Amino acid sequence: MKRSILGLMYLIQGMRRAGIAVDQKLHSIGLRADALDPASIIHPSLEWDVLKVIGQDVAPEKGLFIGQHYALAGYGPLLMLLVTSENVRTVLEQGILYQSLTHLTGALSLKYTEHKVALCYAPQDLNSDLGILRAQCEVSGTHKFIQDLYKMMGLNIPKIHIELPFLRPENQEFLNNYHDYYGSDLGFGSKCAEFWFDDAVLNVQIPSADKMTFKIYESKCLAELERLKVDEQIPSLVQRVQNYLELQQGVMPTMAETAQALQIPERTLRHQLQQLQSSYKQIREQLIKDKALRLIEYKEYSIEMIAELLGYSEPAAFNHAFKRWFGHSPRQYFK
């Protein structure tokens, strides 16, 4: 299943604010953070390829600070679904049901004991530095998400005991950083992240609950899930290149930058695409053609704006290319 690009965008934003030179790393593979298309979706394997580039030489503990800059903005239908839920129990259940629409790459679940309940998060990888970095970001971001969501719903944040799936740091300064962010009621070394609170919290009513609005956004979340399921199989090399080029608007990455992002030597990438009766140029042009039609049919952008979004330096060059592809100018197609 593909994922929203939201998680990657949050990671990049968090790295920026944590003082990591992430933009330089992105430039090395032809991406610009501000040009990433927020409506795009990304295959997990490609997301991991990008993470290997931007996460190189970043200490896993930095994830604690990176995740603190994750925000509610961008969650769209899911956020509206949660804040119009009947009670906290429904919020948790819906969050778990639609977790693939969030920044998380692991698995959410609920755990119950007598009078207590925990929202649990099992990160995907706790065995490599890069995996731990991402897990630190996601757990930190989840803590921020819980706090921000409670504030948005107009509720007081309940007392929470937190267990982290990370080793207790020996460095006292690092330990203080954890307590400053998560609070004093904190444990280390659990199998997954656990946010424990009294089970009475489950029945707390949401002031902004609205059944009709909830139903509307439930259908939107279901539709988004279906969109992510369109391409379940392991992507071919052609699909991997296309997936990468789809990530941003404007000037697209070069073949050399794409090869670096996909961890494939440029010569090898060219040869393997030739064996598949394709080429970087063909994939790039087909993608631009598809985007051009979508943007024109959307009828919200001028020809000049569409040309800019597709990376053309001037509208005339876009007009010439469009006529070569479809036999009509963009304005004729509009009619």
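Nothing here was measured: the structure is a model prediction, and the numbers come from that model.
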Exercise. Given the rule that I, L, V, M, F, W and Y join up when any side-chain heavy atoms are under 4.5 Å apart, are Ile160 and Tyr112 in one cluster?
Worked result: yes

Problem set entry | Side-chain heavy atoms of Val139 within contact of Phe195, under 4.5 Å | yes

For this session: Using the test side-chain hydrogen bond (donor to acceptor under 3.5 Å, both in side chains), find all partners of Tyr178 that sit at least two apart in sequence or belong to another chain.
Result: Gln136

Problem set entry | Salt-bridge contact Asp198-Lys159 (side-chain N to carboxylate O under 4.0 Å) | no

Exercise. Under a 4.0 Å N-O cut-off, is there an ion pair linking Glu285 with Arg324?
Worked result: yes

Exercise. With distance as the sole test, does Lys151 use its side chain to make a donor-acceptor pair with the main-chain N or O of Ile146 at under 3.5 Å?
Worked result: no

Exercise. Taking 4.0 angstrom as the limit, do Asp129 and Lys52 come out as a salt bridge?
Worked result: no

Problem set entry | same_hphob_cluster(Trp196, Val117) at 4.5 Å side-chain heavy-atom cutoff | no

Exercise. Can you check whether Gly63's main-chain N or O pairs, donor with acceptor, with Arg134's side chain at less than 3.5 Å?
Worked result: no

Exercise. What ring pair (Phe, Tyr, Trp, His ring centres under 6.0 Å) pairs are there with at least one residue in residues 133-167, not counting sequence neighbours?
Worked result: Tyr75-Phe145, His143-Tyr181, His143-Tyr182

Problem set entry | Nearest atoms (heavy-atom pairs only) where Pro207 meets Gly154 | CG-O, 4.3 Å

Exercise. Does the side chain of Leu79 come within less than 4.5 Å of Met152's, by heavy atoms?
Worked result: yes

Problem set entry | Any donor-acceptor N/O pair, Thr142 side chain to Glu138 backbone, under 3.5 Å | yes

Exercise. Are the charged groups of Asp23 and Arg16 less than 4.0 angstrom apart, N to O?
Worked result: yes

Problem set entry | Audit row: Gln239, Gln242, side chain to side chain contact (heavy atoms under 4.5 Å, CB included) steps and yes/no | CA-CA 5 Å; Gln239 188 65 52; Gln242 182 177 336; 4.2 Å; yes

Problem set entry | Asn177 side chain to Glu173 side chain, donor-acceptor N/O pair below 3.5 angstrom | no

Problem set entry | Hydrophobic cluster membership, Val58 vs Ile54, 4.5 Å side-chain cutoff | yes

Exercise. Do Leu225 and Phe214 sit in the same hydrophobic cluster, where Ile, Leu, Val, Met, Phe, Trp and Tyr count as joined when their side-chain heavy atoms come under 4.5 Å apart?
Worked result: yes

Problem set entry | Ring geometry between Phe318 and Trp325 (parallel below 30°, tilted from 30 to 60°, perpendicular above 60°) | perpendicular

Problem set entry | Qualifying residues under salt bridge (Lys or Arg N to Asp or Glu O under 4.0 Å), relative to Glu266, sequence neighbours excluded | Arg270

Exercise. Around atom CD of Glu308, are there more than 12 heavy atoms of other residues, nucleotides or ligands at under 6.0 Å?
Worked result: no

Exercise. In terms of heavy-atom contacts, does NE2 of His320 have more than 12 from other residues, nucleotides or ligands at under 6.0 Å?
Worked result: no

Exercise. Are the side chains of Thr102 and Leu6 in touch, meaning some heavy atoms are under 4.5 Å apart?
Worked result: no

For this session: Kindly give the heavy-atom pair with the smallest separation between Val238 and Leu276, and that separation in Å.
Result: CG2-CD1, 4.0 Å

Exercise. Gln286 side chain to Ile283 main-chain N or O, any donor-acceptor pair under 3.5 Å?
Worked result: no

Exercise. Do Arg331 and Glu304 sit within salt-bridge range, that is, some charged N less than 4.0 Å from a carboxylate O?
Worked result: yes

Exercise. Are any side-chain N or O atoms of Lys144 and backbone N or O atoms of Tyr70, one a donor and one an acceptor, separated by less than 3.5 Å?
Worked result: yes

Problem set entry | Ser140 side chain vs Cys137 backbone, donor-acceptor pair below 3.5 Å | no

